[in-house]
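Quick caveat: nothing in here was measured; it's all calculated off a predicted structure.
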Amino acid sequence: MQNSDTFRILTVCTANICRSPVAERLLQKGLNDLHPGKFIISSAGTSALVGQPMQPLAEEIVNAYGGDPSAFAARQITQSIVRDADLVLVLTMQHRAAVLKLAPSMLKKTFSVREFSRMLDHLISYEQHEQASDVVDLWRRLPAQAAAVRQETLAETDADNDVIDPFRRSPAIYRQMEDELIPALNSIVAYARL
């Protein structure tokens, strides 16, 4: 049962111990700073290492940007978890396909995080963003607005929609993940500042 006073965002990656937890915790931090109590961010994995904590290098990234990595436990995505979200932000387009296989009705509410950030940047640059007294009402309309500009914000390559998976890889790959993910998260938080 959704609470009409909050907007629920789900972030999705594979194991739910690197990319989607970083996105979850940093979006929660940024959106809480602007609109305390209005956003609930959670995450899940398409092949989750259920119950595992966030990877140490992912925790370091969350800490570096002022987020809280504590008390995290990976969970497997389910149809009910997806349907409970107002917006699903995936870390690759493969994750988007997995989400839509579980819940086809979420087609217009599911985006890659990098794709969604480009859409929001486009809405801002063309002053197509709405003003609203209630941030939750505004964000409930946002997925449809973003989907409407999808053709104008297409990536040059499919890889430009994805965030690299650093699991069991070098610190350099974690830095690449950070470089691909953080600007997208910043754009999403910036939109909430309007």
Just verifying a value: how many Å separate [X] [atom1] and [Y] [atom2], rounded to the nearest 0.5 Å?
| X | Y | atom1 | atom2 | value |
| --- | --- | --- | --- | --- |
| Phe72 | Ile17 | CZ | CD1 | 8.5 Å |
| Glu60 | Gln55 | CD | CD | 11.5 Å |
| Leu123 | Tyr191 | CG | OH | 5.0 Å |
| Ser43 | Met54 | OG | CE | 7.5 Å |
| Arg175 | Ile182 | CZ | CD1 | 14.0 Å |
| Asp33 | Gln28 | CG | CD | 10.0 Å |

Hey, are the side chains of [X] and [Y] touching, using non-hydrogen atoms and a 4.5 Å cut-off?
| X | Y | result |
| --- | --- | --- |
| Ser187 | Phe116 | no |
| Ser112 | Thr92 | no |
| Cys18 | Phe167 | yes |
| Leu57 | Ile61 | no |
| Tyr174 | Val22 | no |
| Leu91 | Asp162 | no |
| Glu115 | Arg150 | yes |
| Leu27 | Ile188 | yes |

Thinking salt bridges, do [X] and [Y] make one under a 4.0 Å N-O criterion?
| X | Y | result |
| --- | --- | --- |
| Arg8 | Asp84 | yes |
| Asp86 | Lys109 | no |
| Asp137 | Arg141 | no |

TODO: Please determine, by modelled atom types, if Arg96 and Asn161 share a side-chain donor-acceptor pair under 3.5 angstrom.
DONE: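 Result is no, nothing qualifies.
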- [ ] Check whether the side chains of Glu180 and Gln176 place a donor and an acceptor atom closer than 3.5 Å, and report yes or no.
- [x]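 Note: Glu180 and Gln176 side chains meet the donor-acceptor criterion.
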Open item on the list: Applying side-chain contact (heavy atoms from CB on, under 4.5 Å) to Leu181 and Glu178, what does each step give before you reach the verdict?
Closed with: CA-CA 5 Å; Leu181 180 56; Glu178 180 181 354; over 6 Å; no
Task: Parallel, tilted or perpendicular, as decided by the 30° and 60° cut-offs, for the rings of Phe39 and Phe7 - done: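 It falls in the perpendicular class, over 60°.
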Which heavy-atom pair separates [X] from [Y] by the least distance, and what is that distance?
| X | Y | value |
| --- | --- | --- |
| Cys13 | Asn16 | SG-N, 3.4 Å |
| Ala192 | His35 | O-NE2, 2.7 Å |
| Ser105 | Arg83 | OG-NE, 4.2 Å |
| Leu26 | Val62 | CD2-O, 3.7 Å |
| Thr153 | Arg118 | O-NE, 2.8 Å |
| Ser117 | Arg114 | OG-O, 2.9 Å |

Open item on the list: Once salt bridge (charged side-chain N to carboxylate O under 4.0 Å, His left out) is applied, what residue pairs with a partner in residues 17-28 remain, sequence neighbours excluded?
Closed with: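 Sorted pair list: Arg19-Asp165.
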Task: Pairs flagged by salt bridge (charged side-chain N to carboxylate O under 4.0 Å, His left out) wherever residues 45-57 is involved - sequence neighbours left out - done: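 Those involving residues 45-57 do not exist here.
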Is it possible for you to say whether [X] and [Y] belong to one hydrophobic cluster, with membership spreading through side-chain heavy-atom contacts below 4.5 Å?
| X | Y | result |
| --- | --- | --- |
| Leu154 | Leu89 | no |
| Leu31 | Ile124 | yes |
| Val149 | Leu120 | yes |
| Ile40 | Leu185 | no |
| Tyr65 | Ile9 | yes |

- [ ] Examine distances only and state if a side-chain atom of His95 and a backbone atom of Thr14 form a donor-acceptor pair shorter than 3.5 Å.
- [x]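 Yes.
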Open item on the list: Can you tell me if Asp179 has over 12 outside heavy atoms packed within less than 6.0 Å of its CG?
Closed with: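 Counting neighbours around CG of Asp179, more than 12 heavy atoms of other residues, nucleotides or ligands fall under 6.0 Å, so yes.
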Task: Connected hydrophobic set around Leu10, excluding itself, where side chains approach under 4.5 Å - done: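 Other cluster members: Val12, Ile77, Ile81, Val82, Val88, Val90, Val99, Leu100, Leu102, Met106, Leu107.
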